[in-house]
Amino acid sequence: MGVKAALPRYELYFYNVVLCMAMLWAARWIFDVSSSNSNRKTFKTSVQSGWHYSGRKMDTADVEWMMWFSTFREHIIFALSGHVIFAKICTLLAPQYRSLVFMVYGMLAVFTSMGWAYVTLILSHCVLLYSISLVKLRWLCFVAGLTTLATFKMEPFISWQAGFVSGSFELRPLLFYGGCGFTIMRCLSFALENCERKDGNYSILELLKYNFYLPFFYFGPIMTFDKFYIQANNPNLTRKDGEMWNISIQALLNLGVIMIVAVILHFMYILTIPSDMKLLKHISDWALAGLAYLNLVYDWVKTAVMFGVINTVSRLDHLDPPKPPKCITMLYVFSETHFDRGINDFLCNYVYNYLGGKHDNVLDELIGSLCTFGITALWLGPSWVVFIWVFLNCFGLNFELWIAKFFTMEPFISIEMAISESMSRRIRAVFNTFNFWKIVLYNVLVLNSLEFANLVAKRLLLKGFPFTTITVMFVTYCLIQLIKERERRQALIDDPDPIPPPAPTPTDPTWERQKTSSLLLEGKK
């Protein structure tokens, strides 16, 4: 019950109107705060001169965005354009060597930007983890890979390895840690896939081809070795009908989003305002809620655009890269929450699904999620904020399973069967509303600061109760219903006339699993 349950059209129109009015109201508040406080002392370092003809300053608080689309834009375009040109020439003249050309160009680009000592450091880690992979012990590969990753997250190992890189420019620290971190994860993926190979071993050349593919080298996303190996060595380079058109449209869409974000950063300082706690205490509860939400939407847009640019290049190379993350606007369950689909696929493939099984057993789910979030904490870099974020998200993921199990018991199943599907959908949406704000608050914690997340929680749940709390939750309920409507229509497109399976009996071992639809969730994947 629930996915294909339709609501009256007038009800959906009402939800759309409420949501649009609420978002416009919150945007107006943030715009007013940005306009009237652009000269604050706390804004001087991050709100700087923007487009002269607009007469507005620009929010430059996000170093990563400014690096990609302002400060080092020409360097990135030059490096990726060179990759595309050489890859295209090789594809036309000697397609069987294209993965080798990818590797050579990538190594030359890394050598040019970071120096020979950095290339040597990367190669030493590749050789180390390749040697361990020859033993074909899965646990040993994990221990070696995670230990090596830890050396880039903890002192004094960080300073010692950073000493191999001479010279300095603004982008060098980011390239150093990005390249090293993603290298270790790629080497770990290679080692684990080599353990699964029954006949012989992959060569170290295959590892170097995989690791030095330039579009993925510094910034990801991570594409697991099994997928990269098959696609990079695929002799069939013919494209599907309309594929180049889709790639062109995606590139233009990314360009359009970049321009829209630039406009927003000139008129709403959504990245700088959360750092000024004195100012936040004087803005309205509604503006604070909108600010928290927009910060998550912005982070998703940034990730989607940066990966979108890289994915466009890799699709030109006949690869099928990880898809962009699911928009935060569409999330209301922890099981689908991630901001990097590459890392998410890596962890699900090698840890979460491997240990968690079918995710219908409480103990297996707990072990799988604990190990998954433990590796996530190491990847992000151990700190108290990361530990708190990991604990809250791990608890949220397991709590969903516990509640789903609880609501498969009587009398809840009988109650749900007795009510209409549309009413079941409304009840679920009420509970999903609270889940949505848990996801927002937990992720605001790691994207902004503990102080900002604490202020938002207090204003929405304590000081703003009951008016602000009920108003925000009602608007969120409208959003959840619109998300469910989109999922309903997509389900009808994917499976317009499904054949219903035979009804299970209490003696059927699938009885409990097929009854796991709860009043809280549409289901876990």
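All residue numbers refer to positions in the sequence shown, counting from 1.
When side chains are defined from C-beta on, Ile184 does not count as touching Thr151, because their heavy atoms never get closer than 4.5 Å. Asn246 has its side chain out of reach of Lys240: every pair of non-hydrogen atoms, C-beta onward, lies at least 4.5 Å apart. Annotation: side chain of Val313 is in contact with side chain of His83 (closest heavy-atom distance under 4.5 Å). With a 4.5 Å cut-off on side-chain heavy atoms, Val301 and Val257 count as touching. In this structure, Ile310 and Pro321 have side chains that are not in contact, with every pair of non-hydrogen atoms separated by 4.5 Å or more. Annotation: side chain of Phe228 is not in contact with side chain of Arg186 (no heavy-atom distance under 4.5 Å). Using a 4.5 Å heavy-atom cutoff, the side chains of Tyr293 and Met23 are in contact. For the pair Lys209/Glu206, a side-chain contact is recorded, criterion being any heavy-atom separation below 4.5 Å from C-beta on.
The shortest non-hydrogen separation linking Ala251 to Thr312 is CB-CG2, 4.1 Å. Asn194 approaches Ser133 most closely through the heavy-atom pair ND2-O, 3.2 Å. The two residues Leu137 and Cys195 make their nearest non-hydrogen contact at N-SG, 3.8 Å. The minimum heavy-atom distance between Glu64 and Lys302, with the atom names listed, is OE1-NZ, 3.3 Å. Between Cys394 and Leu370, the closest heavy-atom pair is SG-CD2, 3.8 Å. When all heavy atoms of Leu123 and Phe212 are compared, the closest pair comes out as CD2-CE1, 3.9 Å.
Neither side chain, Asn311 nor Gln250, offers a donor N or O lying under 3.5 Å from an acceptor on the other. Counted by atom type alone, Gln161 and Tyr177 present zero donor-acceptor pairs between their side chains at under 3.5 Å. Counting only N and O atoms by type, the side chains of Ser189 and Thr224 include no donor and acceptor under 3.5 Å apart. Remark: the Glu243 side chain and the His318 side chain contain no N/O donor-acceptor pair separated by less than 3.5 Å. For the residue pair Asp62 and Tyr298, a side-chain donor N or O sits within less than 3.5 Å of a side-chain acceptor on the partner. Asp317 and Tyr213 share a side-chain donor-acceptor pair at under 3.5 Å. Defined by atom type and a distance below 3.5 Å, a donor-acceptor pair is present between the side-chain atoms of Tyr350 and Glu193. When only modelled atom types and interatomic distance are considered, Thr183 and Asn211 share a side-chain donor-acceptor pair under 3.5 Å. With hydrogens and angles left out, the side-chain atoms of Ser113 and Tyr218 include a donor and acceptor closer than 3.5 Å.
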Run the numbers on Val110 and Tyr118 for side-chain contact (heavy atoms from CB on, under 4.5 Å), then give the verdict. CA-CA 8 Å; Val110 174; Tyr118 181 75; 3.7 Å; yes
Output, in order, the C-alpha distance, side-chain angles, deciding distance and verdict of side-chain contact (heavy atoms from CB on, under 4.5 Å) for Val385 and Leu445. CA-CA 7 Å; Val385 172; Leu445 172 68; 4.2 Å; yes
Could you walk me through whether Trp68 and Phe72 pass the side-chain contact (heavy atoms from CB on, under 4.5 Å) test, one step at a time? CA-CA 6 Å; Trp68 265 83; Phe72 292 96; over 6 Å; no
List the steps, then state whether side-chain contact (heavy atoms from CB on, under 4.5 Å) holds for Leu121 with His125. CA-CA 7 Å; Leu121 176 66; His125 285 293; 3.8 Å; yes
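Checking Phe152, Phe219, Trp379 one by one against Phe182, the ring-ring contact (aromatic ring centres under 6.0 Å, His included) holds for a single residue, Trp379.
Ring-plane geometry between Phe399 and Phe395 is classed as parallel, the angle between the planes falling under 30 degrees on a 0 to 90 degree scale with a further cut at 60. Using cut-offs of 30° and 60° on the angle between ring planes, the pair Phe86 and Tyr105 is tilted. Taking the six-membered ring where tryptophan is involved, the planes of Phe190 and Phe225 are perpendicular, since the angle between them exceeds 60° and thus also 30°.
Formation of a donor-acceptor pair under 3.5 Å by the Tyr269 side chain with backbone atoms of Lys57 is found in this model. Panel note: side chain Asn435, backbone Tyr332; a donor-acceptor pair is recorded below 3.5 Å. Gln48 places no side-chain N or O within donor-acceptor distance of the main-chain N or O of Thr60, the cut-off being under 3.5 Å. A donor-acceptor pair is defined here as one N or O able to donate and one able to accept, closer than 3.5 Å; such a pair exists between the side chain of Asn393 and the backbone of Trp389. No side-chain donor-acceptor contact under 3.5 Å links Ser99 to the backbone of Asn233. Of the possible donor and acceptor atoms, none in the side chain of Arg98 sits under 3.5 Å from a partner among the backbone N and O of Ile89. With Arg56 contributing its side chain and His266 its backbone, the two residues share a donor-acceptor pair below 3.5 Å. A donor-acceptor contact shorter than 3.5 Å is absent between the side chain of Lys153 and the backbone of Ile158. No donor-acceptor pair closer than 3.5 Å links the side chain of Asp299 to the backbone N or O of Leu447. Judged by distance alone, with hydrogens and angles left aside, the side-chain atoms of Asp59 form a donor-acceptor pair with the main-chain N or O of Leu271 at under 3.5 Å.
Salt-bridge formation is detected for the pair Arg488/Glu485: a Lys NZ or Arg NE/NH1/NH2 atom is positioned less than 4.0 Å from an Asp or Glu carboxylate oxygen.
Arg486 pairs by the side chain to side chain donor-acceptor pair (under 3.5 Å) definition with nothing, not counting sequence neighbours.
By the 6.0 Å contact criterion, OH on Tyr354 is open, its count of non-hydrogen atoms from other residues, nucleotides or ligands being 12 or less. Surrounding OH of Tyr202 are more than 12 heavy atoms belonging to other residues, nucleotides or ligands, all under 6.0 Å away. No more than 12 heavy-atom neighbours from other residues, nucleotides or ligands sit within 6.0 angstrom of NZ on Lys227.
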